[in-house]
Amino acid sequence: MAFTGNYMCTSFKQELLQAKHDFPNGTGHTCTLAMYTNSASFTAATTDYTTSNEVSGTGYSAGGGTLTNVTPTTSGTTAFTDFADLTFSTATVTARGALIYNTTSGGGTGTTDAVVVLDFGSDKTSTAGDFTIVFPTADASNAIIRIA
């Protein structure tokens with residue numbers, strides 16, 4: 001098994017402190033979600049998008065799909081942001097996990113800066129149907145990106 005959990009990438013944490021990522025919806029950087037097979041190897045040390053072991057199939061294009069950001073906010077001492085659910089329509093793919101990455105020039109090292117690694121827990125398959133990535137509730141306990 002190549003995926004071993006969900007990670008906020010260490011390079012992303014450093015790049016946040018360097019002001020290289022901007023999340024406000026509509027005015028910030030663009031994030032993309034790419035899906036991968038169980039042969040992909042990602043950890044918290046992942047720094048960039050790669051095509052190696054990316055899924056392929058009907059309804060999915062290399063590079064993945066563009067995410068719609070939920071405006072960053074806070075609750076108590078936790079800052080968080082999230083994304084709207086993403087659907088690959090009429091897709092025939094099998095994916096074990098995904099990588100969210102910043103595709104805007106001016107982010108970290110370029111246009112493929114890793115943000116978060118997602119482990120689906122097992123292979124997920126869609127056959128000529130919708131493959132939907134459902135993000136958790138955007139709150140201080142559940143949002144996909146949280147800084148406490």
Donor-acceptor pairs under 3.5 Å, side chain of residues 83-90 to any protein atom, not counting sequence neighbours: which ones?
unit_1, atom_1, unit_2, atom_2, d
Asp85, OD1, Phe135, N, 2.8
Thr87, OG1, Thr132, OG1, 3.0

Is Asp119 paired with Arg96 through a side-chain N to carboxylate O contact shorter than 4.0 Å? yes
Please walk me through it: do Phe80 and Thr73 pass side chain to side chain contact (heavy atoms under 4.5 Å, CB included)? CA-CA 6 Å; Phe80 59 91; Thr73 192; 3.2 Å; yes
I would like to know whether Met8 and Lys13 meet side chain to side chain contact (heavy atoms under 4.5 Å, CB included); could you show each step before the answer? CA-CA 8 Å; Met8 182 182 297; Lys13 294 174 190 177; 3.9 Å; yes
Check step by step if ring-ring contact (aromatic ring centres under 6.0 Å, His included) holds for Tyr7 and Phe42. CA-CA 9 Å; Tyr7 303 100; Phe42 293 112; 9.8 Å; no
Indicate the atoms forming the closest heavy-atom contact of Ser11 with Thr47, along with that distance. OG-CA, 3.6 Å
Thr32 side chain reached by Tyr101 side chain, heavy atoms, under 4.5 Å: yes
Thr94 side chain reached by Thr37 side chain, heavy atoms, under 4.5 Å: no
Only one of Thr104, Leu67, Asn69 passes side-chain contact (heavy atoms from CB on, under 4.5 Å) with Thr30, and that residue is Thr104
Heavy-atom nearest pair, Leu99 first then Asp48, reads CD2-O, 3.9 Å
Report all side-chain donor-acceptor pairs from residues 137-148 shorter than 3.5 Å, counting only partners two or more places apart or in another chain.
unit_1, atom_1, unit_2, atom_2, d
Asp139, OD1, Ser141, N, 3.0
Asp139, OD1, Asn142, N, 2.8
Asp139, OD1, Asn142, ND2, 2.9
Asp139, OD2, Asn142, ND2, 3.2
Arg146, NH1, Asn142, O, 3.4
Arg146, NH1, Ala143, O, 2.6

Under the side-chain hydrogen bond (donor to acceptor under 3.5 Å, both in side chains) test, residues paired with Ser61 that sit two or more places apart: none
How about Asp82 and Pro136: do any of their side-chain heavy atoms sit closer than 4.5 Å? yes
Check the pair Cys9, Val115 against side chain to side chain contact (heavy atoms under 4.5 Å, CB included), reporting the backbone distance first and the verdict last. CA-CA 5 Å; Cys9 298; Val115 174; over 6 Å; no
For residues Met35 and Val93, determine if any side-chain heavy atom of one lies less than 4.5 Å from a side-chain heavy atom of the other. yes
Side chain of Ser126, backbone of Gly129: donor and acceptor closer than 3.5 Å? yes
